[in-house]
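Scroll down for the structure; my scribbles are underneath it.
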Amino acid sequence: MGHAEIEIERRDRVTHGDYIAKLDAGDTPAKLSWTQRDDVRHAEHTFVPTSHRGRGIAEKLVEALIEDARSHGFKIAPDCSYVERYFDRHKELADLRA
């Protein structure tokens, strides 16, 4: 599975949701879970199965969250350590960080 082939599915349940990357058949999907509080999406957990780590999948999940934040006008609270490190590396996203 290449970096460009990763498709992200968005599951929005109003107060919470997930960004999901379906992987090879039979594998547990990769996922970024969030909860909504006011105008802030709290990125709570990012998971990528061990066999798929190091392929940019978690990064694609965060990029989908960021794209939605720009499109829909919400802020992101990086409660998950991976999302926090992503924001720390990308200072240009400071306007989206809650």
- Query: Taking the side chain from Gln36 and the backbone from Asp38, do they hold a donor-acceptor pair closer than 3.5 Å?
  - Reply: yes
Just how far is it from atom [atom1] of [X] to atom [atom2] of [Y], taken to the nearest 0.5 Å?
X: His90; Y: Arg97; atom1: NE2; atom2: CZ; value: 12.0 Å
X: Ile57; Y: Ile8; atom1: CD1; atom2: CD1; value: 8.5 Å
X: His16; Y: His42; atom1: NE2; atom2: NE2; value: 14.5 Å

Would a 4.5 Å heavy-atom cut-off, applied to side chains only, mark [X] and [Y] as touching?
X: Asp24; Y: His52; answer: yes
X: Ile66; Y: Tyr86; answer: yes
X: Asp79; Y: Trp34; answer: no
X: Tyr82; Y: Glu59; answer: yes
X: Cys80; Y: Leu32; answer: no
X: Leu93; Y: Ile76; answer: no

- Message: Between Arg13 and Asp18, does any side-chain N to carboxylate O distance fall below 4.0 Å?
- Response: yes
With sequence neighbours excluded, tell me which residues meet salt bridge (charged side-chain N to carboxylate O under 4.0 Å, His left out) with [X].
X: Arg85; answer: none
X: Asp95; answer: Arg70
X: Glu44; answer: Arg37

Shortest non-hydrogen separation from [X] to [Y] and the atoms involved:
X: Ala21; Y: Leu61; result: N-CD2, 4.0 Å
X: Leu23; Y: Ala30; result: CD1-N, 3.9 Å
X: Thr28; Y: Phe47; result: CG2-CE2, 3.9 Å

- Message: Assess the residue pair Arg41 and Asp68 against the criterion (side chain to side chain contact (heavy atoms under 4.5 Å, CB included)); give the C-alpha distance rounded to whole Å, side-chain angles, the decisive distance to 0.1 Å, and a yes or no.
- Response: CA-CA 10 Å; Arg41 270 194 194 176; Asp68 286 352; 4.3 Å; yes
- Message: Run the salt bridge (charged side-chain N to carboxylate O under 4.0 Å, His left out) test on Arg10 and Glu67 for me, step by step, so that the C-alpha distance in whole Å, both residues' side-chain angles and the decisive distance to 0.1 Å come before the verdict.
- Response: CA-CA 12 Å; Arg10 290 157 167 85; Glu67 179 182 318; 3.7 Å; yes
- Query: Yes or no on side chain to side chain contact (heavy atoms under 4.5 Å, CB included) for Val62 and Tyr19, after CA distance, side-chain angles and deciding distance?
  - Reply: CA-CA 8 Å; Val62 175; Tyr19 292 86; over 6 Å; no
